[in-house]
2 protein chains.
Amino acid sequence: MGDSLLITEVRPWGGDPVDVLVEDGAVAAVAATGASTTAAERVDGAGRLILPALSDVHLHLDSSRLGLPFRAQTGEPGRWGRIMNDREHWRGAERSVTERASFTLAVAVANGATRIRSHAQVDADTGLAKLEGELAARERYADVCDVEIVAFPQVGILLEPGVVDLMDAALAAGADLVGGMDPCELDRDPVRHLDAVFGLAEKHQAGVDIHLHEAGELGLFTLSLIVERVRALGMAGQATVSHARCLASGLPGVPGAIERLAEYDIALTHAAGAQGWALPLLDLAAAGVRVGVGMDGQRDYWSPYGNGDMLDRAWQLAFVNGFGSDQHVEHALAVATWGGASVLDRSLRPLDLSDTHPGFAVGDPAEFFLVDAVSPAAAVMDRPAARTVIHRGAVVSVDTAIEGFEIPGRFGREGS
Amino acid sequence: MGDSLLITEVRPWGGDPVDVLVEDGAVAAVAATGASTTAAERVDGAGRLILPALSDVHLHLDSSRLGLPFRAQTGEPGRWGRIMNDREHWRGAERSVTERASFTLAVAVANGATRIRSHAQVDADTGLAKLEGELAARERYADVCDVEIVAFPQVGILLEPGVVDLMDAALAAGADLVGGMDPCELDRDPVRHLDAVFGLAEKHQAGVDIHLHEAGELGLFTLSLIVERVRALGMAGQATVSHARCLASGLPGVPGAIERLAEYDIALTHAAGAQGWALPLLDLAAAGVRVGVGMDGQRDYWSPYGNGDMLDRAWQLAFVNGFGSDQHVEHALAVATWGGASVLDRSLRPLDLSDTHPGFAVGDPAEFFLVDAVSPAAAVMDRPAARTVIHRGAVVSVDTAIEGFEIPGRFGREGS
């Protein structure tokens, strides 16, 4: 920080080669390649693409089993079966929560994601153990990525005793946001559930990020309850709804719900699931709703999917939305990069369909990744493994392949 | 052929290690590892998984641009825009149809697919040029994979003059099956379209494989027309419907349609698309309908997707179906391997949900691939690149990485 970095001969969003000068963690100038500039440090872009860094805005660092031996899925079908499967097995994992969360962060950063929001499960069985693991992992990699942590009541807030107090303690211990979980379907009492969530948000002056898997009309009802509370509490710009599957329903209530999200600057995060989970990304962007994507669970006790690569997730986002044109595939990549950043930092503008190449204006945060591809769409389709990653204006990872279960002590070059 | 091959210490579908003895292109014995057996040749499985070879039963070899520079999508939206985009550009591709089809076959085989059904576009503009390219590619790789070719009327049969005669000529020139294409939506005259398709099938004593993207009730209507003709002409076991999106509709007519497919042994091929294209795989298997999966177009003039790896497509199939349990992920892999094989060779039994590990009975075809993974589900999730591929009882590819655009002259070891 405070130093300058010149990234030479890079192509922002596939455009003509330029040099990007970074100072104090932000873009200071973008000029034709070769214009003489002094900078403390240089990165030779060698004609590669430069893109805003990937942002994973919906991750569960505490459950991840990335890098551990593949494990047969033992959970009973359905949400409750999987919750109990996690409860039965997580303590027996080959590595601690801290180690697993650290490894997953390392893989995410090496693949180009420098901004992360992770949920830490808080419940009567777990207490704060998973939160503490995530806090330790965040501390370990504080120099290479920014991590927000949500205190996440995976098992509901009302079903088990003491969860509100545990959530309160989690926020006191370092969690940044108050989570929620399917207020109708899980606790079966949406008002008391949301009262607890927003009560904690007021007490800790924290934002909220509520898991909402509820489908169709039920999800739209719960969403309307969330909007009411954001409005009543003056929390515009401080709320996120995760998954929001109800907006994929095509129901007549969806356009009105999207208008309300825009009005109160309620952001969405998305895991790019198939089968009725694909959000109407273009409608959301047209309305000015902030949308980001995340990797969700990573081959954990819920699901075997996940490889720690947010660029792979950008592919998945394009795929589930049926995007084929370069413009649309680029939009999926914009959601996975700048879109997520705009969810985490509300001072950044939401994606704008008329200005689709964000991230390179003077003053924009110097969070980038470089990859060898002819165009953004090609990068999404090919997902080349070698990437240079820049965080807060400094190179934090260069072609870092993280294999097996090796937690790197540091990233990138000497001194970074 | 005629030679014997002993594949030592391999785990069929992740089971205990065995030795698989192959003679005359078929499984001759499966015995505990180390039981002494004489064989002309040996492959050291080293504890790897062994699985039936992947089968790509719906591929467009003629349009593939695998290995060529990424190309921006220039087609107008919709089917017609893309048809015309292909028509305008395919002759200008950096490589000929023969070379592109050959390269794509090489990549498919190196990744473990030894049985392929490809569509060759026949229309007024193309004539037989694409078919000839596919025939040349098939000839080139006749030793390493089996390829069936469908004469495919991409632009309809009735819209342009001379297509029936071209289809007739294609079948005389070496195409194996008669294709069809959305009889209602494209030609807008399903009866005359299907009369032409089945008329050519009768004349050439060939099977049919009809593209049916038509959705909902319309697709179910067209499917019923196809079933009527299969029944009337005694063509049970000789028809395939590709995509069959209407069966993903959840409409009340779907179960009855599935019963009819089973009754007349009409097979389905599937490209594992998202957004309402996911076929009800478990219902189809329970009914005894043969289902296979294919890679469809490979980053061509229609779509930028595709990497030539059928194991990747098995992942995609599991993903779009929301499969998470090991059992279900294995089923997706079974569809991508044995399921497809049973579409191409009706003497093979269809997938059976009560016997989910096909391919290792005495007499089963010696078409396999070996991959280093703890279980079939792990293989689908990790898609390890290194694979040993066995076709007609002989090793045809060992860890063959095909990069850039290099058409291999031969595969695998000396003498194979």
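So that the names make sense, note that chain A is the first sequence line, chain B the second, and so on, each numbered from 1.
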> Judged by atom type as modelled, is there a donor-acceptor pair below 3.5 Å linking the side chain of Gln275(B) to the main-chain atoms of Gly322(A)?
Replying inline: no
> Under a 4.5 Å heavy-atom cut-off, does chain A meet the side chain of Ala378(B), its backbone, both or neither?
Replying inline: both
> Given a strict heavy-atom distance threshold of 4.5 Å, which part of Gln327(A) is in contact with chain B: side chain, backbone, both, or neither?
Replying inline: neither
> About how many Å separate CH2 of Trp315(B) and CG of Asn307(A), when rounded to the nearest 0.5 Å?
Replying inline: 8.5 Å
> Should we say atom CD of Glu88(A) is surrounded by more than 12 heavy atoms from elsewhere, each under 6.0 Å from it?
Replying inline: yes
>> If I take atom NE2 from residue His328(A) and atom CD from residue Gln73(B), how far apart are they, to the nearest 0.5 angstrom?
In response: 12.5 Å
> What option among Pro69(B), Ala72(B), Ser303(B), Gly276(B) has the most heavy-atom pairs under 4.5 Å with chain A?
Replying inline: Ala72(B)
> Checking heavy atoms, do the side chain of Ala377(A), its backbone, both or neither come under 4.5 Å from chain B?
Replying inline: both
> With only heavy atoms counted, which part of Ala318(B) is less than 4.5 Å from chain A, the side chain, the backbone, both or neither?
Replying inline: both
>> Heavy-atom pairs under 4.5 Å with chain B - which of Ala248(A), Pro77(A), Ala274(A) has more of them than the others?
In response: Ala274(A)
> So, Asp382(A) and Arg299(B), do they make that salt bridge, N to O below 4.0 Å?
Replying inline: yes
>> With a 4.5 angstrom heavy-atom cut-off, is it the side chain or the backbone of Val374(A) that approaches chain B, or both, or neither?
In response: side chain
> Crowded around Asp355(A) CG? As in, over 12 foreign heavy atoms under 6.0 Å?
Replying inline: yes
>> Report which part of Ala379(A) has an atom under 4.5 Å of a heavy atom belonging to chain B: side chain, backbone, both, or neither.
In response: neither
> Within the side chain of Tyr305(A), is there an N or O that forms a donor-acceptor pair under 3.5 Å with the backbone of Phe319(B)?
Replying inline: yes
>> Within the supplied structure, the quantity of interest is the number of heavy atoms (other residues, nucleotides, ligands) at a distance under 6.0 Å from Glu76(A) CD; does it exceed 12?
In response: no
